[in-house]
Protein chains: 2
Amino acid sequence: MVFMTPSATGPATAARPDPAAPPDGAPAAGRVLDHPDTADIRLEEVLHALADPMRLTVVRELAAARCEVACSEVPLPVSKSTTTHHFRVLREAGVICQVYRGTSKMNALRRADLDALFPGLLDRVLAAADAQESRLAGT
Amino acid sequence: MVFMTPSATGPATAARPDPAAPPDGAPAAGRVLDHPDTADIRLEEVLHALADPMRLTVVRELAAARCEVACSEVPLPVSKSTTTHHFRVLREAGVICQVYRGTSKMNALRRADLDALFPGLLDRVLAAADAQESRLAGT
DNA sequence: CACCTCCTACGATAAGCGTCGTAGTACGGC
DNA sequence: GCCGTACTACGACGCTTATCGTAGGAGGTG
């Protein structure tokens with residue numbers, strides 16, 4: 001059941017056609033992380049993943065930064081282990097794609113996969129989050 | 001901290017301009033339920049409410065039936081008390097509006113409020129749920 | 001090689017959630 | 001007034017979750 005980065009149903013946000021990437025070829029050899037196959041992504045799990053404030057923050061950061069982001073670049077008001085935990089939940093729900101790059105673990109949204117399964121959903125959630133933030137800020 | 005059915009920021013899906021409603025005037029006198037004010041609805045709570053399979057089912061049923069629906073008309077594979085619990089979670093998250101009507105408690109989506117706060121979100125979630133159902137059915 | 005950084009795994013804890021059954025209240029009909 | 005229907009409140013149970021700290025591995029740098 002599922003082995004590595006999506007190659008089956010879609011290269012996800014992967015294929016890393018972005019700069020910032022190393023010479024390539026060796027995205028970190030060994031260490032490969034389990035990602036759900038695109039077809040195995042479940043709406044309830046995605047919603048659950050997005051329902052947590054910490055994780056929603058992460059997703060918004062990832063959406064804002066158009067390229068891959070290291071775990072440590074998304075500051076959360078919780079411990080390192082808890083942060084790791086949240087990233088894992090997001091990955092296992094199929095929301096993000098994680099890949100080792102040197103000592104860092106890079107994260108990216110699986111926009112393509114999510115949009116294919118649930119058209120427009122992610123955008124609406126992000127827009128809703130922005131809207132709510134503005135609304136609450138203007139108090 | 002909020003008192004009754006929305007009248008403050010918007011009559012929600014209420015105002016019951018639908019048939020099926022009794023002569024009106026006495027929608028059940030006493031028993032009034034607490035609903036969050038529109039401005040108090042939080043995205044995280046809405047997502048959390050929608051993330052549960054049971055509750056998502058309820059919301060889909062409510063969206064399908066364009067009018068108010070009694071709790072007992074949405075059959076769930078769980079006990080009565082659990083059903084009550086789920087309806088309460090939905091109400092407290094601001095997703096549905098509940099009103100006593102005789103011995104029944106009628107439920108309706110707070111579409112207007114949700115669309116005002118999070119434009120298009122509910123529709124996308126419903127569409128995503130439909131899409132996933134078809135996708136999984138066609139296995 | 002030593003060392004530092006980044007991230008992980010593990011165990012612990014406390015809180016939350018979904019589920020149930022039972023007992024009970026409000027309302028309408030007889 | 002009595003009874004049935006519809007829903008609720010409460011307490012219990014077990015599972016999941018969010019959080020932490022500590023210990024440790026993988027990989028770059030010197």
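Letters A, B, ... are given to chains in the order of the sequence lines, protein chains preceding strands, and every chain is numbered from 1.
Rounded to an integer number of Å, the gap from B/His86 NE2 to C/dG16 P is 18 Å. If you measure from atom CZ of B/Phe87 to atom C1' of D/dA6, you get 12 Å, rounded to the nearest angstrom. Between A/Arg101 atom CZ and C/dC7 atom C1' there is a gap of 16 Å when expressed in whole angstrom units. As a whole-Å value, the separation of A/Tyr100 OH from C/dA9 C1' is 10 Å.
Taking B/Asp130 as the reference, B/Arg60 meet the side-chain hydrogen bond (donor to acceptor under 3.5 Å, both in side chains) condition, with sequence neighbours excluded. Every side-chain contact (heavy atoms from CB on, under 4.5 Å) that A/Leu117 has, sequence neighbours left out, goes to A/Thr38, A/Ile41, B/Arg135.
Side-chain contact check for A/Cys71 versus A/Asn107: some heavy-atom pair is nearer than 4.5 Å. Contact of the A/Glu44 side chain with the B/Asp52 side chain is not registered, since no non-hydrogen atoms from C-beta on lie closer than 4.5 Å. You'll find the side chain of B/Thr82 reaches within 4.5 Å of the side chain of B/His86, heavy atoms only. Here the side chains of B/Arg110 and B/Val46 are not in contact, with every heavy-atom distance at 4.5 Å or above. Using a 4.5 Å heavy-atom threshold, the side chains of A/Gln98 and A/Phe87 count as touching. A 4.5 Å side-chain heavy-atom check between A/Val69 and A/Met106 finds every atom pair outside the cut-off.
Of the possible donor and acceptor atoms, none in the side chain of A/Arg55 sits under 3.5 Å from a partner among the backbone N and O of A/Leu90.
Candidate nucleotides C/dC27, D/dA18, C/dC6 were compared by shortest atom distance to the side chain of A/Ser104, and C/dC6 ranks first.
Within residues 69-85 of chain B, the residues having any heavy atom closer than 4.0 Å to DNA chain D are, in order of number, B/Ala70, B/Cys71, B/Ser72, B/Ser81, B/Thr84. Near DNA chain C, defined here as any heavy-atom distance below 4.0 Å, the residues from residues 46-59 of chain B are B/His48, B/Asp52, B/Met54, B/Arg55, listed numerically. Interface residues of residues 88-95 of chain A facing DNA chain D, ordered by number: none; criterion, heavy-atom separation under 4.0 Å.
Among residues at least two apart or in separate chains, there is no salt bridge (Lys or Arg N to Asp or Glu O under 4.0 Å) pair with a member in residues 78-96 of chain B.
Tested against A/Leu122 for a side-chain contact (heavy atoms from CB on, under 4.5 Å), the candidates A/Asp113, A/Val59, A/Val95 yield a single pass: A/Val59.
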